[in-house]
Amino acid sequence: MTRSRLLWPLLALVALLLLNLVFTPSFFALRIQDGHLFGSLVDILRNGAPTLLIALGMTLVIATRGIDLSVGAVAAIAGAVTCTHIATTGDAIGGMALALGLCAVLGLWNGFLVSVIGIQPIIATLVLMTAGRGMAMLVTEGQIVTVNNDVFAKVGAGFLVLPIAILISLAVLAGVALLTRRTALGMLIEAVGVNPEASRLAGVRSRTIIWTVYVFSALCAGVAGLMIASNVNAADANNAGLWIEMDAILAVVIGGTSLAGGRYSLTGTLIGALVIQTLTTTVYTIGVPPETTLVFKAAVVIVVCLLQAPRLTRTFRVPVPQKAGA
Amino acid sequence: MLADERSAPSDTAPLVELQGITVTFPGVKALDEVDFRLLPGEVHALLGENGAGKSTLIKALTGVHATDAGEIRLAGVPVSFHGPAQAQDAGISTVYQEVNLCTNLSVAENILLGREPRRFGAIDGRAMRARAAELLSRIGLHIDPGSALGSHPIAVQQLVAIARAVAVDARVLILDEPTSSLDAGEVAELFRIVRVLRDEGVAILFVSHFLDQVYEIADRLTVLRNGKVVGEYATAKVGRLELVRAMIGRDLTVLDEVERRSERRVPSEEPLLRAENLGRAGSIAPFDLELHPGEVVGVAGLLGSGRTELARLLFGADRADSGHVYFDGKILKLRGPRSAIAHGIAFTSEDRKAEGLVADLTVRDNLILAMQAARGWARQVPRRTADELVAKYVEALDIRPADADAVVGTLSGGNQQKVLLARWLVTRPKLLILDEPTRGIDVGAKAQIQKVVADLAAEGMAVVFISAELEEVVRVSDRVVVLRDRRKIAEVSGTEVTVDDVVALIAGEAEKVPS
């Protein structure tokens with residue numbers, strides 16, 4: 001089951017990488033400079049780190065039958081709060097802590113709307129998706145806040161052989177994988193996603209679980225927001241993390257997790273996020289005109305999703321020889 | 001019971017003919033070279049245990065499952081359907097065991113879904129309701145076609161499903177367990193409709209676990225066991241015992257064991273649970289109830305009499321708005337399922353699919369779900385413990401397939417029910433509330449579950465046993481609580497309780513029986 005679900009996204013990833021190799025023969029070249037690893041592959045990892053991080057949170061939300069549209073706005077708020085704090089006090093660590101604390105509160109808000117009030121997730125998180133940008137604007141007073149802080153710059157642009165951003169994302173991936181599969185959290189999340197009422201009657205704390213995944217998603221978005229802001233040393237309330245919720249949802253879907261909730265795959269999400277980011281990179285390397293980038297991206301996504309669709313998978317399977325009839 | 005002594009006219013050409021049909025699922029031959037004939041103008045019963053292949057046969061016939069070998073002929077012409085829609089276009093309509101309608105839509109919309117009358121390209125609501133009303137009155141169901149389907153009880157929804165199947169001019173009507181949620185009056189009504197359709201020449205395939213009903217309505221019957229045809233019989237010429245033997249392929253020792261459990265113990269101990277004036281407006285009138293350790297208390301009553309509501313109040317699935325519950329002598333605040341579970345109360349819902357199993361998860365995950373929920377997410381049930389528990393209950397309850405990694409949704413109804421039962425047994429409850437645990441499952445599994453209930457009570461567990469089948473309730477229970485119109489009207493106990501007594505109570509002649 002799992003293997004076949006991951007097969008197509010994996011093939012898509014390989015195909016995209018090979019396509020790049022054709023256009024840019026040095027695509028796979030890696031070199032070490034000043035103890036840092038450089039190369040196109042490393043760029044993909046570094047630029048894909050925020051998407052991967054947000055997609056991880058999104059995976060768990062989607063597994064509970066939910067969706068979190070507010071992640072882009074939350075990322076923008078995190079960047080805005082941190083940069084504003086650094087600009088006024090010069091304290092990077094405090095700024096980031098403040099930002100993540102606020103993100104946790106925003107996650108609590110989403111979780112409250114979904115699990116306590118019972119609003120449909122897409123509507124509940126739409127509230128913060130729209131209001132969040134406004135809050136970020138409020139924090140930055142409508143300006144792009146630029147900062148110059150060495151500690152903060154490390155988060156998005158720093159290197160520890162590999163880019164620090166991707167190390168953070170991979171650490172979170174490993175942490176979530178351990179947390180959900182070494183404890184019963186993963187199974188309980190899936191149970192709530194597949195059948196909330198049966199889970200409630202079996203004594204599962206559905207509400208707490210749903211609440212937790214929204215908080216986790218907001219925290220992931222917050223850290224991603226720090227990476228994005230740190231990478232450019234600035235907080236742009238309007239454009240930071242714009243449409244990143246769509247990329248994250250796509251990454252989850254490409255990774256084979258159903259939007260209907262239930263069984264999820266973190267490995268799938270990792271592959272999905274890499275596909276999305278490789279695609280974005282490919283668009284630049286093969287010289288697709290920037291104005292048609294989104295169309296190109298959509299086309300590839302449609303192909304991958306089609307390949308995973310049960311109906312098509314059935315058609316492609318080797319047909320069992322049937323005796324007469326038909 | 002037979003209206004007339006119809007036996008299959010052997011010279012009639014079969015309307016549907018299956019020859020050598022084989023359907024293979026991963027690791028299992030669900031159907032193995034099955035031959036089957038359905039004649040026009042007959043009611044043909046399909047019998048067999050859970051997992052015998054009844055559902056698979058229906059799904060192979062209607063194109064839900066692809067066949068691996070064999071041929072299906074409709075009126076002599078070889079056919080191969082790719083899905084139920086094609087089968088329906090060819091005149092084969094199916095009403096499934098579990099109502100597969102949209103509860104959020106109106107009755108009329110459900111009946112005519114996909115065939116809505118149109119006017120200028122838009123759906124003509126008025127014409128649709130009129131047409132639906134006509135179809136409903138044809139089957140003698142007088143409800144407002146504009147009302148939401150979900151506002152009606154399951155029995156009515158079932159009849160709506162039949163109205164929907166009848167709405168197309170079906171040559172073949174497949175009724176998969178149509179009566180499992182109907183009461184006697186509704187069954188009679190259904191059979192009246194079935195006879196009308198039969199006399200019009202429709203071939204009717206009838207799947208049921210109720211042998212009485214099979215003998216009442218079926219002209220011929222086919223018995224399946226483990227994916228193979230055991231035999232094809234004329235109903236009038238086959239005895240009940242012979243039939244049950246053919247179905248379960250073993251002697252009825254399990255049934256006998258339950259039958260023999262006649263000496264009932266009258267528990268003298270303090271009650272485990274005492275409900276005082278417990279009730280919920282619009283659900284069930286306040287009632288008193290005592291449950292003792294080691295005692296099976298049956299709940300009898302017609303559909304809609306408040307059986308399920310009573311169970312849900314005791315479990316805290318719904319909140320009571322009056323009265324108190326004392327558990328082990330102390331007052332118990334039931335704030336929800338978790339507080340009930342924490343005190344050792346377990347509940348299996350009558351609706352396995354919606355409120356019981358987590359269909360996409362494995363047998364293992366479903367079995368340990370309640371235990372895991374009680375431990376909290378941080379303390380995972382170790383894999384080895386889980387596997388031991390699965391192995392133990394697969395063995396004890398005879399769950400098939402005996403595969404911990406099987407996805408529960410793919411199991412047959414009886415096996416799903418056993419998994420659900422096992423989910424609670426691993427939590428070692430003091431009180432087990434079973435709402436219709438034997439609904440829609442076969443004779444063999446039914447007997448096994450009854451025996452498990454008897455054994456659990458013998459070990460000291462208190463059991464509340466709810467069932468629409470009075471015989472079963474009376475046989476299994478030490479004491480029977482009788483409900484009528486959402487009100488507890490009597491409680492009868494002792495070995496001398498008979499089905500007739502309970503029927504009399506339900507029917508309202510309460511004076512005859514001491515309570």
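Every chain is numbered from 1, with letters handed out A, B, ... down the list of sequences.
- Of the residues considered (B:Gly376, B:Ala354, B:Ala378), B:Ala354 shows the highest number of contacts with chain A, using heavy-atom pairs under 4.5 Å.
- For B:Arg383, no part lies near chain A; criterion is any non-hydrogen pair under 4.5 Å.
- Residue B:Arg423 touches chain A through its side chain alone, counting heavy-atom pairs closer than 4.5 Å.
- A cation-pi contact, defined as under 6.0 Å to the ring centre and within 45° of the axis, links A:Arg181 to A:Tyr264.
- Ring orientation note: the planes of A:Trp211 and A:Phe112 are tilted relative to one another, at an angle of 30° to 60°.
- Taking CD1 of B:Ile92 as the start and CD1 of B:Ile58 as the end, the distance is 11.5 Å to the nearest 0.5 Å.
- Looking at A:Leu188, the atoms closer than 4.5 Å to chain B (heavy atoms on both sides) all sit in the side chain, from C-beta outward.
- Taking A:Ile209, A:Leu201, A:Thr180 one by one and counting their heavy-atom pairs under 4.5 Å with chain B, the maximum is reached by A:Leu201.
- Only the backbone of B:Leu357 has a heavy atom closer than 4.5 Å to any heavy atom of chain A.
- Side-chain contact annotation: A:Thr59 with A:Thr269, donor-acceptor N/O pair under 3.5 Å present.
- Taking the six-membered ring for Trp and thresholds of 30 and 60 degrees, B:Phe315 and B:Phe347 have ring planes inclined between 30 and 60 degrees apart.
- At a 4.5 Å heavy-atom cutoff, the contact between A:Arg263 and chain B is made by side-chain atoms alone.
- With respect to chain B, the highest number of heavy-atom pairs below 4.5 Å among A:Glu190, A:Arg182, A:Arg205 belongs to A:Arg205.
- Of the N and O atoms on the side chains of A:Ser70 and A:Asp68, at least one donor lies less than 3.5 Å from an acceptor on the other residue.
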